[in-house]
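So you know, we letter chains A, B, ... as the sequences are listed, proteins then strands, and number each from 1. In this text the structure is predicted, and so the values were computed from the model without any measurement.
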Protein chains: 2
Amino acid sequence: MKGMTRDRLIDYIRQVLPMSLVQAMKVTVKFHPVPVERNAYVLKASAICNTSYFVEQGVLRSYTYDLDGNEVTTAFFTSGTYCSDLLSFFKRTPAREYIQAITDVRAWAISYADMQESFHTIPEFREFGRLNIVGQYSLLKERMLSNLQETAEKRYSDLIGIYPEILQQVPLKYIASYLGIADTSLSRIRKEALKK
Amino acid sequence: MKGMTRDRLIDYIRQVLPMSLVQAMKVTVKFHPVPVERNAYVLKASAICNTSYFVEQGVLRSYTYDLDGNEVTTAFFTSGTYCSDLLSFFKRTPAREYIQAITDVRAWAISYADMQESFHTIPEFREFGRLNIVGQYSLLKERMLSNLQETAEKRYSDLIGIYPEILQQVPLKYIASYLGIADTSLSRIRKEALKK
DNA sequence: TCCTCCACTTGACATAGGAAAAGAAATACG
DNA sequence: CGTATTTCTTTTCCTATGTCAAGTGGAGGA
């Protein structure tokens with residue numbers, strides 16, 4: 001991780017909660033850089049999630065299994081986003097999901113213990129943490145609503161519009177299961193979309 | 001609202017974050033009692049949610065419309081739970097949901113401005129608020145996972161097992177749309193369940 | 001260069017679950 | 001009370017979408 005600066009992490013923090021550079025640097029104090037190899041897991045189901053990540057470079061996905069035993073992708077984590085199983089992390093309960101690197105990844109990690117400590121010792125961290133959770137809640141809720149209110153085609157084009165790296169680096173079958181459709185259906189959708 | 005004590009609100013706060021009775025009472029300072037009549041709305045889509053409620057008595061539901069214009073119930077709020085559109089409330093964005101009382105309701109309300117003030121002046125409130133959001137996030141995520149991983153029948157029996165008042169006070173069509181199935185399908189499920 | 005493995009597409013087929021309609025049962029109300 | 005309204009059930013029909021299986025193309029390894 002030689003030469004890995006905190007710039008993007010600092011940008012992320014200041015985007016969640018505007019603050020001075022000095023303050024933002026204090027917030028980053030307990031984050032440390034980690035490389036994750038393609039296909040490696042940063043979390044496995046039934047373990048308790050002990051680490052949260054800020055993704056500097058690369059893509060991860062979380063997934064679980066549905067009723068019929070099919071893999072279902074529950075989220076993508078691209079560069080510039082926050083990656084964790086917050087349910088397991090904060091509630092200290094066994095994870096029901098796997099989180100796996102799809103590409104080689106560079107990330108900033110913070111442990112549960114360090115986060116607790118920062119919460120209690122760094123006021124800016126406390127506020128950042130709270131707003132970060134609100135942001136994660138919003139993402140989840142917005143996704144739930146768009147699943148109800150948009151077609152799979154719209155959700156597909158929105159997804160790859162906002163996160164083009166997903167289309168480039170993620171197999172379509174993962175995208176399909178994220179959208180809640182079969183990979184064959186996504187193929188059909190893409191074919192239709194081409195006509196336009 | 002004569003004779004309405006803060007006991008249940010205080011219980012809720014101390015269950016989210018254990019603290020002394022005196023501390024918990026301080027946290028409740030900005031909450032004030034409001035009655036809500038059956039069928040009245042506490043939030044309408046496109047408005048910005050300015051109030052959060054703790055439900056003392058009664059049931060509310062939030063709903064929106066899907067692609068085909070069908071009403072979809074997105075949540076129930078029973079007595080002893082926290083009721084708000086957190087996405088709209090914290091992000092100050094127009095709500096995409098309606099929140100309506102299904103029965104007459106007694107609730108404790110807090111405005112956005114008062115909550116912000118309490119966040120900054122009452123340390124216990126700050127911590128309660130943070131844990132409350134984590135709790136709401138967890139509810140949403142757990143629901144997402146159970147939608148993937150359990151049958152509609154299991155989700156139905158879980159729901160009415162945990163919140164029996166819903167079965168007693170809520171029309172089945174609302175429960176069906178909450179479960180993501182047609183009301184006729186819920187009828188089929190209930191008929192099957194009776195055989196056991 | 002060839003071979004193998006994935007990723008992706010395509011078409012045939014099957015089916016779970018929704019829509020519609022109509023009746024029964026329960027509830028509200030004048 | 002008796003009428004109207006809503007809730008719930010049940011049946012029939014139908015279609016959107018998933019499963020399965022086969023086939024194409026491209027990337028990487030030996």
Side-chain angles (χ1 to χ4, degrees), chain A residues 37-39 59 61 63-73 76 100-104 146-157 159-160 164-196, chain B residues 37-40 58-59 61 63-73 76 100-104 146-157 159-160 164-196:
Chain A
E37 278 187 11
R38 186 170 129 88
N39 293 329
V59 183
R61 69 169 187 134
Y63 69 90
T64 186
Y65 293 91
D66 72 8
L67 267 174
D68 308 316
N70 304 310
E71 253 186 32
V72 183
T73 297
F76 293 111
Q100 185 181 29
I102 296 180
T103 66
D104 284 344
S146 82
N147 277 336
L148 283 176
Q149 297 182 331
E150 326 279 19
T151 62
E153 176 166 358
K154 175 76 160 40
R155 285 181 288 128
Y156 172 73
S157 66
L159 180 72
I160 64 175
E165 25 178 343
I166 289 180
L167 181 57
Q168 289 149 20
Q169 306 189 306
V170 177
L172 286 190
K173 62 180 174 184
Y174 296 159
I175 299 177
S177 80
Y178 175 82
L179 296 173
I181 59 179
D183 51 357
T184 55
S185 294
L186 182 54
S187 261
R188 291 191 262 248
I189 284 172
R190 282 157 56 91
K191 182 161 66 163
E192 287 308 307
L194 273 184
K195 290 185 186 165
K196 292 168 189 169
Chain B
E37 278 186 10
R38 187 169 126 88
N39 293 328
V59 183
R61 70 168 187 132
Y63 69 90
T64 187
Y65 293 90
D66 73 9
L67 266 175
D68 307 316
N70 304 310
E71 252 186 33
V72 182
T73 297
F76 293 111
Q100 184 182 29
I102 296 180
T103 65
D104 284 345
S146 82
N147 277 336
L148 283 176
Q149 298 182 331
E150 332 266 30
T151 62
E153 176 166 357
K154 174 76 161 38
R155 286 181 288 128
Y156 172 72
S157 67
L159 180 71
I160 64 174
E165 27 179 342
I166 289 180
L167 181 58
Q168 290 149 19
Q169 306 189 304
V170 177
L172 286 189
K173 62 181 174 184
Y174 296 159
I175 299 177
S177 81
Y178 175 82
L179 295 173
I181 59 179
D183 51 355
T184 54
S185 294
L186 182 53
S187 262
R188 287 193 266 244
I189 285 172
R190 282 159 55 91
K191 183 160 66 163
E192 287 308 308
L194 274 183
K195 290 185 185 164
K196 293 169 189 170

- For K191(A) and dT9(C), is the shortest distance between a side-chain N/O and OP1 or OP2 below 4.0 Å? no
- Please state how far atom CG in L179(B) lies from atom P in dC8(D), giving the value in whole angstrom units. 13 Å
- Specify the separation, in whole Å, of atom CG of D183(A) and atom P of dA7(C). 11 Å
- K173(A) side chain near dC8(C) phosphate (N/O to OP1/OP2, under 4.0 Å): no
- In whole Å, what is the span from the CD1 atom of I189(B) to the P atom of dT10(D)? 13 Å
- Message: If I take atom CG in residue N39(A) and atom P in nucleotide dC6(C), what distance separates them, rounded to the nearest angstrom?
- Response: 11 Å
- Separation of dA7(C) atom P from Q168(A) atom CD, nearest Å, is 17 Å
- Query: What nucleotide, of dT9(D), dG11(C), dA7(C), holds the atom closest to the side chain of S187(B)?
  - Reply: dT9(D)
- Query: Mind checking whether Y174(A) and Y63(A) have side chains closer than 4.5 Å, heavy atoms only?
  - Reply: no
- Message: Does any part of the side chain of L186(B), heavy atoms only, come nearer than 4.5 Å to the side chain of I181(B), both counted from C-beta?
- Response: yes
- Task: Kindly give the heavy-atom pair with the smallest separation between L167(B) and I175(B), and that separation in Å.
- Result: CA-CD1, 4.4 Å
- Message: Run the side-chain hydrogen bond (donor to acceptor under 3.5 Å, both in side chains) test on Y178(A) and R155(A) for me, step by step, so that the C-alpha distance in whole Å, both residues' side-chain angles and the decisive distance to 0.1 Å come before the verdict.
- Response: CA-CA 10 Å; Y178(A) 175 82; R155(A) 285 181 288 128; over 6 Å; no
- Kindly indicate whether the side chain of R61(A), heavy atoms from C-beta on, has any atom under 4.5 Å from the side chain of V170(A). no
- Student check: side-chain heavy atoms of E37(A) and D104(A) closer than 4.5 Å: yes
- Atom-pair distance (CD1 on I175(A); C1' on dA7(C)), nearest Å: 12 Å
- Taking protein heavy atoms under 4.0 Å as touching, what does nucleotides 18-30 of chain C look like 5' to 3' if B marks base contact, S marks sugar-phosphate-only contact and - marks none? BSB----------
- Message: With a 4.5 Å cut-off on side-chain heavy atoms, are T103(A) and E165(A) touching?
- Response: no
- How close or far is atom P of dG18(D) from atom CG of L67(A), stated in whole angstroms? 15 Å
- In whole angstrom, give the distance that lies between atom CG of L186(A) and atom P of dG18(D). 11 Å
